[in-house]
Student: 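Below is a structure I'd like to ask you about.
So that the names make sense, note that chain A is the first sequence line, chain B the second, and so on, each numbered from 1.
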There are 2 protein chains.
Amino acid sequence: MQIRGEMLIGAQSATGTTAPVFAINPASGAQLQPGFAGDDGTRVRQACELAGQAFDDYRARPLEERARLLEAIANQILALGDALIERTMAETGLPRPRLEGERGRTVGQLRLFAAVVRAGDFVDARLDPALPERQPLPRADLRQRHIPLGPVAVFGASNFPLAFSVAGGDTASALAAGCPVVVKAHSAHPGTSELVGRAVQRAVAECGLPEGVFSLLFGSGNLVGSALVAHPAIKAVGFTGSRGGGTALMHIAANRPEPIPVYAEMSSINPVFLLPQALEARADAIAKGFVGSLTMGAGQFCTNPGLVIAVEGPALERFLATAAAELANAAGQTMLTPGIHNAYDQGVARLAGHPGVTELARGQGGGAPNQCRAGLYVTSAEAFLADTALHEEVFGSASLVIRCKSVAELGRIAERLEGQLTATLQLDEGDVAAARALLPVLERKAGRILCNGYPTGVEVCHAMVHGGPFPATSDSRSTSVGSAAIFRFLRPVCYQDLPAALLPAELQDDNPLGLRRLLDGRY
Amino acid sequence: MQIRGEMLIGAQSATGTTAPVFAINPASGAQLQPGFAGDDGTRVRQACELAGQAFDDYRARPLEERARLLEAIANQILALGDALIERTMAETGLPRPRLEGERGRTVGQLRLFAAVVRAGDFVDARLDPALPERQPLPRADLRQRHIPLGPVAVFGASNFPLAFSVAGGDTASALAAGCPVVVKAHSAHPGTSELVGRAVQRAVAECGLPEGVFSLLFGSGNLVGSALVAHPAIKAVGFTGSRGGGTALMHIAANRPEPIPVYAEMSSINPVFLLPQALEARADAIAKGFVGSLTMGAGQFCTNPGLVIAVEGPALERFLATAAAELANAAGQTMLTPGIHNAYDQGVARLAGHPGVTELARGQGGGAPNQCRAGLYVTSAEAFLADTALHEEVFGSASLVIRCKSVAELGRIAERLEGQLTATLQLDEGDVAAARALLPVLERKAGRILCNGYPTGVEVCHAMVHGGPFPATSDSRSTSVGSAAIFRFLRPVCYQDLPAALLPAELQDDNPLGLRRLLDGRY
């Protein structure tokens with residue numbers, strides 16, 4: 001389980017050729033060994049070609065084999081034991097309980113997708129039998145199933161080193177769909193990536209699957225990622241990261257000779273609407289819950305509540321006073337990387353320096369490197385509507401409160417927001433009419449709408465939507481969390497009058513896989 | 001039912017401001033009255049704003065009202081009676097039986113989507129109930145449904161003046177999904193478009209729906225189409241037409257401040273593989289069926305068989321001799337527009353002049369204007385693989401036969417093809433092994449695979465896929481024909497801990513709509 005600073009190209013290991021990059025322990029600033037030399041483009045090609053070669057074999061395997069691969073990956077990750085947790089702590093500054101929880105989530109996701117694969121509903125098998133006697137023209141025998149898109153490029157995320165990186169949600173759902181995966185590791189946690197990558201590599205070998213089902217690449221800068229998305233063997237992209245990074249990949253994908261889908265989860269400020277009755281009844285409790293959500297994990301979540309919208313008045317002032325007091329006591333927390341910490345400090349400085357914005361409170365800073373000092377800011381509806389710079393995400397524990405003049409102004413703010421992952425309503429019974437008026441706007445703006453909770457914490461289940469209109473994601477038609485994530489990597493194929501000997505098992509007359517199928521429009 | 005040369009902006013009529021365009025009767029070359037002045041951009045904005053305003057109202061209506069709108073449109077189209085057929089004949093040169101059939105298909109599609117809306121399965125309702133006692137953390141109540149994307153821009157197609165134009169498949173599936181529609185009429189059949197547009201407009205009024213649910217725009221050149229796709233209220237695009245037109249719309253959509261999905265059905269040469277045993281056993285019959293498919297409707301179908309691939313030898317020569325004889329007798333047929341006829345003539349001239357290509361036969365020409373003379377050409381595998389110009393679609397009754405040296409070479413050709421709407425296998429029992437080897441390649445290349453038939457004729461049903469990898473379409477994850485086309489215009493939204501009073505009917509505890517729902521992962 002030694003970390004060697006090597007890429008994984010199918011069953012092989014490979015040392016890169018560009019200047020090695022070292023992970024930094026953000027809690028101390030110390031450099032971690034070994035160095036990770038990046039690829040110069042050669043290994044991208046090899047990995048993509050292997051993935052292309054593996055595709056037809058892998059997708060043709062029985063669903064049971066695919067399910068077993070996902071379970072084998074989960075077991076191999078668990079078998080890494082504490083060495084994985086310790087390396088990830090060192091590379092990310094995240095505390096042990098969080099990472100143990102995230103490992104559980106990662107393993108749980110892999111097992112959920114194993115169950116999804118076994119159930120087989122994602123195939124969406126449809127049969128319209130032949131109608132040879134139909135007038136004026138007979139109908140042919142028509143059968144449809146979904147097949148995988150092809151090899152998928154997955155980009156590791158900085159803020160979920162396990163659950164959204166090498167063997168995270170994108171990889172799990174792509175493998176479940178039948179797609180080989182080529183991962184570009186995030187440079188912030190290369191050792192974690194190598195450990196998990198080797199776990200996946202071992203699982204692929206253990207399951208007797210073609211080596212090209214999985215590869216892992218390193219590379220700082222854009223070269224490796226750009227070459228990966230541009231490679232003709234790659235047929236879809238999964239990404240979690242910044243708006244700039246995501247839109248750059250969208251641009252490359254759209255300008256390929258064969259454009260491909262990109263699932264980029266990028267940028268969201270996750271508005272929280274405090275409706276009047278709820279605010280009146282429990283301003284203090286809401287403020288405490290809000291600050292807890294805002295400061296959890298140094299605010300390094302896609303669903304961090306970066307915007308609060310409420311009608312001005314004594315109840316809002318109580319909320320602000322309590323929130324400011326809570327936040328002022330919030331301990332500093334180590335951020336993931338010096339770069340993220342630097343961007344956070346610049347973001348809060350921009351807010352603090354904005355003429356329409358007042359700083360209400362800052363959290364504790366501590367003396368250690370890369371500490372996130374939480375920040376709470378307040379502005380007016382006019383100022384917010386007048387400057388879209390105030391709509392931009394500040395990644396970390398910073399939030400902006402908008403004082404509105406009326407409930408109607410809440411609606412006008414909602415209407416002007418960009419696409420979001422989430423929108424939250426704090427409401428009491430007396431707020432239902434106001435909430436009902438807001439709901440259609442929020443449905444147009446967000447992938448998940450929640451009441452009397454906080455947006456952080458994304459359940460991995462069947463009904464989850466972790467997605468939303470641009471720029472929250474590049475494609476609002478899907479989710480990157482939950483079982484429905486498998487649909488991102490599938491496309492339908494119709495078979496007309498195929499002889500029984502050629503029909504895939506999913507579509508054979510006697511339904512050997514026992515799938516739920518749509519027969520002449522009925523399940 | 002007079003044709004006035006007017007656009008339809010919600011409930012209003014509007015005359016354009018640019019120089020009027022006149023439809024041409026391609027059978028005679030005669031100009032048809034009246035002129036259709038195009039929009040200068042003003043009406044695009046009005047139509048899109050009305051569509052945006054109508055969206056929340058229209059999508060909130062009970063599914064039954066949506067279904068009734070689709071049926072009302074079907075009835076209003078039938079009520080146009082023979083005036084519609086006559087105008088469409090004059091504008092397209094298509095014969096009466098074809099257009100009566102196409103009207104039936106159009107009305108049938110609208111009624112199919114009414115049934116799809118009533119069944120409600122497209123909502124894909126999912127409920128994961130709260131688990132308040134779960135350790136270490138409780139689970140919230142999570143419910144998911146699909147909502148419509150927003151107003152959709154639909155571009156009328158030249159080759160299906162009814163079934164893929166103003167009230168065609170894209171419009172029917174978008175309205176079924178709950179999306180208002182703004183149609184850009186095809187300039188080749190503006191009178192047909194106005195007649196059908198007024199039928200839709202009457203249906204919207206009759207159903208008491210907001211006027212912005214439907215608008216119809218005219219405009220030659222790119223101005224109106226570009227402005228339509230670029231308008232912020234538009235959230236998706238449906239298009240059937242040329243590769244150049246489709247990729248231009250993809251580019252505009254990808255470069256908007258908020259990129260949106262484009263469903264463009266563009267370009268396909270629909271390879272037909274003649275496997276050895278089938279060719280040996282029934283070369284003549286296959287040749288006759290092939291020429292029938294090739295010359296149907298002057299070859300003006302997306303699924304026209306433009307490429308035939310077979311192993312050289314006496315059986316293939318018999319096929320070629322019969323096909324050449326059949327094709328030489330094929331009557332000339334009027335093409336849709338002078339522009340399409342001109343492009344066809346240029347396309348066959350390019351084939352005929354290609355050093356690696358031999359002309360085997362030409363069909364009858366006739367003396368009338370805009371006649372399609374069918375063309376049959378033959379080339380070698382080497383020549384085909386060496387020049388991608390030979391992979392390009394020639395829209396009309398032209399087809400290129402590739403003489404291969406072996407069955408393995410069939411596979412190499414298949415592997416080099418671009419994305420296709422269809423791929424066809426002519427096979428007998430002795431060909432099953434060869435077909436099995438080809439099938440994975442064809443699955444990667446095409447949306448529909450058919451055996452012992454011809455690709456023309458696209459059934460409107462549940463299992464149909466009229467789609468495929470680029471450049472067949474811009475998005476292989478969907479179909480533009482059949483009930484599954486509704487999924488193109490939907491996105492999921494998750495509701496977390498919403499009070500019962502705010503839950504949409506699809507997700508309420510007592511399932512008032514009687515929908516099939518996924519409860520904790522089980523149907």
Student: Could you pull out the closest heavy-atom pair between A:Asp520 and B:His462, with the gap in Å?
Tutor: C-CD2, 3.8 Å
Student: Go through the atoms of B:Leu518 and report whether side chain, backbone, both or neither lie under 4.5 Å from a heavy atom of chain A.
Tutor: side chain
Student: Side chain, backbone, both or neither: which part of B:Arg256 has a heavy atom under 4.5 Å from chain A?
Tutor: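 Neither; nothing under 4.5 Å.
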Student: When you compare the side chain of B:Arg448 with that of A:Gln496, does any pair of heavy atoms fall below 4.5 Å?
Tutor: yes
Student: When rounded to the nearest 0.5 angstrom, what distance separates CG in B:Leu439 from OH in A:Tyr495?
Tutor: 6.0 Å
Student: Below 4.5 Å from any heavy atom of chain B, which atoms of A:Phe487 appear? Answer side chain, backbone, both or neither.
Tutor: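 Just the side chain, heavy atoms under 4.5 Å.
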Student: Heavy-atom distance under 4.5 Å to chain A: side chain of B:Arg444, backbone, both or neither?
Tutor: both
Student: Is it the backbone or the side chain of B:Ala501 that comes under 4.5 Å from a heavy atom of chain A, or both, or neither?
Tutor: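 Both backbone and side chain.
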Student: Is there a side-chain contact between A:Leu450 and B:Leu498 in this structure, where contact means two heavy atoms from C-beta onward sitting under 4.5 Å apart?
Tutor: no
Student: Could you look at A:Ala435 and say if it's the side chain, the backbone, both or neither that has a heavy atom under 4.5 Å from chain B?
Tutor: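 Both parts, backbone and side chain.
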Student: Quick check on A:Arg143 against chain B: is it the side chain, the backbone, both or neither that has a heavy atom closer than 4.5 Å?
Tutor: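 Looking at A:Arg143, just its backbone touches chain B.
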Student: Under a 4.0 Å N-O cut-off, is there an ion pair linking A:Glu443 with B:Arg491?
Tutor: no
Student: At a heavy-atom separation under 4.5 Å, does A:Leu137 approach chain B through its side chain, its backbone, both, or neither?
Tutor: neither
Student: Which bit of B:Leu142 is near chain A, if near means a heavy-atom gap under 4.5 Å: side chain, backbone, both or neither?
Tutor: both
Student: Of the listed residues (B:Asp475, B:Val465, B:Thr247), which shares the most heavy-atom pairs with chain A below a 4.5 Å separation?
Tutor: B:Val465
Student: Looking only at non-hydrogen atoms, find the nearest pair between B:Asp128 and A:Ala463 and report the distance.
Tutor: OD2-N, 2.7 Å
Student: Of all the heavy-atom pairs spanning A:Val493 and B:Ala446, show the shortest one and how long it is.
Tutor: CG2-O, 4.0 Å
Student: Is any side-chain heavy atom of B:Arg477 closer than 4.5 Å to one of A:Pro261?
Tutor: yes
Student: I want to check something: taking the side chain as every heavy atom from C-beta on, are A:Arg126 and B:Ser483 in contact at a cut-off of under 4.5 Å?
Tutor: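 Touching, per the 4.5 Å side-chain cut-off.
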Student: Where on A:Arg522 is there a heavy atom nearer than 4.5 Å to chain B: the side chain, the backbone, both, or neither?
Tutor: neither
Student: What part of B:Thr422 gets closer than 4.5 Å to chain A, counting heavy atoms only: side chain, backbone, both or neither?
Tutor: neither
Student: Could you check whether any side-chain N or O of B:Asp497 sits under 3.5 Å from a backbone N or O of A:Cys451, counting only pairs where one atom can act as donor and the other as acceptor?
Tutor: no
Student: Which bit of B:Pro148 comes within less than 4.5 Å of chain A, counting heavy atoms only: side chain, backbone, both or neither?
Tutor: neither
Student: Enter the distance from A:Cys461:SG to B:Leu127:CG here, rounded to the nearest 0.5 Å.
Tutor: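 These two atoms lie 10.5 Å from each other.
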Student: When rounded to the nearest 0.5 angstrom, what is the spacing between OG in B:Ser476 and CD1 in A:Ile260?
Tutor: 10.5 Å
